[in-house]
**Q** 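Sharing a structure here in C-alpha cells format.
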Protein chains: 2
Amino acid sequence: MTMTFQQQARDAIRDSGGRITPQREILFDLLAHVENDIDADALFRLAAQQDPNISLPTVYRTLNTLEDADVIAAQYVSTDHERKVYRVNNRKNVFHFTCRRCGMVTPVTSKLVDQLRRELGSQIGADVVTLCMCAGGLCEDCRKEESGL
Amino acid sequence: MTMTFQQQARDAIRDSGGRITPQREILFDLLAHVENDIDADALFRLAAQQDPNISLPTVYRTLNTLEDADVIAAQYVSTDHERKVYRVNNRKNVFHFTCRRCGMVTPVTSKLVDQLRRELGSQIGADVVTLCMCAGGLCEDCRKEESGL
DNA sequence: TTAACTGCAAAGCCTTTGCTCGTGA
DNA sequence: TCACGAGCAAAGGCTTTGCAGTTAA
C-alpha cells in the first residue's frame with residue numbers, strides 16, 4: 001500500500017504540529033511531479049503560476065519543514081554548490097558530476113553509494129541519512145579539447 | 001623529487017600569468033602547514049597575525065586562483081554547507097559526517113571513495129578530479145538520546 | 001613600464017527572520 | 001479561539017566586485 005507523496009507530506013507536517021495550507025498543497029503537488037531536483041527559486045516560480053501571491057519565504061519555510069520531517073532531502077549540485085536543491089526522498093543514489101570547463105552537469109549513480117553509506121554508518125556508529133556527493137573535473141569532450149590545445 | 005607546497009603554488013600561479021606577492025607567500029605558508037581543512041575566514045585571521053593589513057578579499061582571490069590552478073580543492077563541510085573549506089590537494093578521501101542534532105563533525109574515510117571515483121570516471125568518460133562528499137544524520141550519542149525520549 | 005594585485009567599501013546572492021495580519025483545526 | 005502560517009521587507013552571512021593606488025616582473 002503506497003502513499004502518495006502529497007499524503008506523506010501532509011502526514012509528516014501534521015505529525016509535527018504543522019498545518020496544511022493552500023500554499024503548501026501547491027508545493028506538495030509540484031514536488032510530487034518534479035522529475036529530479038529543484039531549487040527553491042524554481043519551485044517558487046512554478047508555484048507562482050498557480051498562485052501569484054505565494055512568497056519565496058513561504059517556499060523556503062515549507063522546504064525546511066519538509067526537510068526536517070525527512071520527506072525531502074537537500075543537496076548541493078552546481079559547481080560551486082551555490083544553491084541548494086531539493087528532492088523527494090527516493091533515488092538517493094543519484095548525484096552529479098559538473099564539468100569545471102563547460103559547466104555541464106551529468107547525473108550519475110552507483111551502487112557504491114549505498115555501500116558507502118552502510119560502511120560509514122558502521123564506522124562511526126551513526127545513522128547516515130543523507131549522503132551528498134558532488135563530483136567535478138573535466139568531461140570527456142573538454143578533456144579531449146584540452147589535450148588538443 | 002618532491003616539491004614543497006609553496007613551490008607548487010608559486011609555479012602554478014606564475015604559469016597562469018600571476019604574480020607572487022608577500023600576501024600570497026604568507027597564505028602559501030599557512031596552507032602548507034594547515035592540518036586538514038581551513039575556511040577563508042580562519043585563513044584570513046591566521047594571515048592577519050603576520051600582516052595586519054591583509055584583507056579578506058585578497059584571501060578569497062588567492063584561494064580562487066589556487067583552486068583554478070588545481071593546487072588546492074574546495075569542499076563544503078558543515079551541515080548546511082554554509083561555508084567553503086579549502087584543502088591542499090592530497091588526502092582527498094577524507095570527508096565529513098555532520099550530526100544534524102548536535103552538530104558534531106566527524107571526519108571519515110573509506111577506500112570506497114577512490115573506487116567510486118574510478119567507477120564514475122569510466123561511467124561517464126570524465127576525469128574526476130574532485131569528489132566532495134558530505135554525510136549527515138544522527139551520531140551514535142544522539143541516536144541513543146532520541147530513542148530514549 | 002604596465003598588467004596584475006591590494007585594500008577598502010559596497011554590492012550580490014541565497015536564505016532566514018521580524019512583524020503583523022490572516023487562517024486552519 | 002489561537003497557535004501556526006503567509007507576505008512583506010529587511011537583515012544575515014559568505015563571497016565577489018569596482019575602484020584607485022601600488023607593485024612585481
Side-chain angles (χ1 to χ4, degrees), chain A residues 6 9-28 30 37-45 47-48 50-69 71-86 132 134, chain B residues 6 9-28 37-45 47-48 50-69 72-86 103 134:
Chain A
Q6 291 93 322
R10 281 189 283 260
D11 288 354
I13 288 208
R14 271 196 277 253
D15 285 353
S16 58
R19 292 173 185 174
I20 312 303
T21 64
Q23 292 91 334
R24 289 186 168 180
E25 287 283 10
I26 290 175
L27 295 173
F28 297 165
L30 288 171
D37 303 307
I38 191 165
D39 63 45
D41 191 60
L43 186 60
F44 167 65
R45 276 171 298 170
Q50 295 184 47
D51 175 359
N53 290 317
I54 202 165
S55 71
L56 196 49
T58 294
V59 173
Y60 274 108
R61 281 189 275 235
T62 300
L63 286 170
N64 285 338
T65 304
L66 290 174
E67 195 187 353
D68 288 344
V71 180
I72 61 174
Q75 290 200 5
Y76 287 74
V77 168
S78 63
T79 328
D80 302 325
H81 293 213
E82 68 262 321
R83 180 177 278 185
K84 255 184 186 171
V85 300
Y86 296 85
C132 155
C134 307
Chain B
Q6 291 92 323
R10 281 189 284 260
D11 288 353
I13 288 206
R14 272 197 275 255
D15 285 353
S16 58
R19 292 172 185 175
I20 312 303
T21 64
Q23 292 91 333
R24 291 186 166 180
E25 288 284 10
I26 290 173
L27 295 173
F28 298 165
D37 303 307
I38 190 164
D39 63 44
D41 192 59
L43 186 61
F44 167 66
R45 276 171 298 172
Q50 294 183 48
D51 174 0
N53 290 316
I54 201 165
S55 71
L56 196 48
T58 294
V59 172
Y60 275 108
R61 283 189 273 234
T62 300
L63 286 170
N64 286 338
T65 303
L66 289 174
E67 195 187 353
D68 287 345
I72 62 174
Q75 291 200 3
Y76 288 75
V77 168
S78 63
T79 328
D80 303 324
H81 294 212
E82 68 261 323
R83 180 177 277 185
K84 256 184 184 170
V85 301
Y86 296 85
C134 308

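Throughout, a chain's letter reflects where its sequence line sits, starting with A, and its residues are numbered from 1.
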**Q** Taking only residues two or more places apart in sequence or in another chain, which ones pass side chain to side chain contact (heavy atoms under 4.5 Å, CB included) with B:Gln6?
**A**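 In terms of side chain to side chain contact (heavy atoms under 4.5 Å, CB included), with neighbours along the sequence ignored, B:Gln6 is linked to B:Thr4, B:Arg10, B:Phe28, B:Asp29, B:Ala32, B:His33.
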**Q** Once you round to the nearest 0.5 Å, how far does CZ of A:Arg61 lie from CG of A:Leu56?
**A**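 Interatomic distance, A:Arg61 CZ to A:Leu56 CG, rounded to 0.5 Å: 10.0 Å.
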**Q** Would you give me the side-chain donor-acceptor pairs under 3.5 Å for residues 14-21 of chain A, sequence neighbours excluded?
**A**
| unit_1 | atom_1 | unit_2 | atom_2 | d |
| --- | --- | --- | --- | --- |
| A:Ser16 | OG | A:Ala12 | O | 3.3 |
| A:Ser16 | OG | A:Ile13 | O | 3.0 |
| A:Thr21 | OG1 | A:Arg24 | N | 3.2 |

**Q** Tell me: CG of B:Leu63 to P of C:dC5, nearest whole Å?
**A**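 Whole-Å distance recorded here is 14 Å.
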**Q** Between residues 11-18 of chain B and DNA chain C, which residues have a heavy-atom gap below 4.0 Å?
**A**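 DNA chain C contact set from residues 11-18 of chain B: B:Gly17, B:Gly18.
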**Q** Rounded to whole Å, please give me the gap between CZ in A:Phe44 and P in C:dT16.
**A**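 Rounded to the whole Å, the gap is 15 Å.
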**Q** Please report the distance, rounded to the nearest Å, between CD1 in B:Ile20 and C1' in C:dT6.
**A**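 These atoms are roughly 15 Å apart.
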**Q** Quick one: is C:dG24 close enough that its OP1 or OP2 comes under 4.0 Å of any side-chain N or O from A:Thr21?
**A**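 No, no such contact exists.
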**Q** With hydrogens left out and only the distance checked, is there a donor-acceptor pair under 3.5 Å joining A:Arg19's side chain and the base of D:dC4?
**A**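 By the distance-only test, yes, there is a pair.
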**Q** So how far is it from B:Arg45 CZ to B:Ile38 CD1, rounded to the nearest 0.5 Å?
**A**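 Taking CZ in B:Arg45 and CD1 in B:Ile38, the distance rounds to 8.5 Å.
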**Q** Take the protein atom CG of A:Asp39 and the nucleotide atom P of C:dT16, then report the distance between them rounded to whole Å.
**A**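 Answer to the nearest Å: 13 Å.
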**Q** State which residues pass side chain to side chain contact (heavy atoms under 4.5 Å, CB included) with A:Asp51; sequence neighbours excluded, sorted by chain then number.
**A**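 A:Gln23, A:Ile26, A:Asn53, A:Ile54.
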**Q** Nearest-Å distance, CZ (B:Arg24) to C1' (D:dA25)?
**A**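 Distance check: B:Arg24 CZ to D:dA25 C1' gives 14 Å.
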**Q** From A:Leu43 CG over to A:Leu30 CG, what is the distance, rounded to the nearest 0.5 angstrom?
**A**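 Taking CG in A:Leu43 and CG in A:Leu30, the distance rounds to 5.5 Å.
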**Q** Using whole Å, what does the distance between atom C1' of nucleotide C:dT6 and atom CG of B:Leu27 come to?
**A**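 After rounding, the reported distance stands at 12 Å.
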**Q** To the nearest Å, give me how far apart CG (B:Asn64) and C1' (D:dT17) are.
**A**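 So the two atoms are 12 Å apart, to the nearest Å.
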**Q** What is the separation between atom CZ on B:Arg10 and atom C1' on C:dA4, rounded to the nearest whole Å?
**A**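 So the CZ-C1' distance, B:Arg10 to C:dA4, works out to 18 Å.
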**Q** With sequence neighbours left out, what residues match B:Thr65 under side chain to side chain donor-acceptor pair (under 3.5 Å)?
**A**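 B:Thr65: no side chain to side chain donor-acceptor pair (under 3.5 Å) contacts found.
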**Q** For the atom pair CG (B:Leu27) and CG (B:Leu63), what is the distance rounded to the nearest 0.5 Å?
**A**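 Taking CG in B:Leu27 and CG in B:Leu63, the distance rounds to 7.0 Å.
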**Q** Give every pair of a protein N or O atom and an N or O atom of nucleotides 7-12 of chain D that lie under 3.5 Å apart, one pair per line with the distance.
**A**
| unit_1 | atom_1 | unit_2 | atom_2 | d |
| --- | --- | --- | --- | --- |
| D:dG7 | OP1 | A:Gln23 | NE2 | 3.2 |
| D:dG7 | OP1 | A:Asn53 | O | 3.1 |
| D:dG7 | OP1 | A:Ile54 | N | 3.4 |
| D:dG7 | OP2 | A:Ser55 | N | 3.0 |
| D:dG7 | OP2 | A:Ser55 | OG | 3.0 |
| D:dG7 | OP2 | A:Thr58 | OG1 | 2.7 |
| D:dG7 | O5' | A:Asn53 | O | 2.9 |
| D:dG7 | N7 | A:Arg61 | NH2 | 3.1 |
| D:dG7 | O6 | A:Arg61 | NH2 | 3.2 |

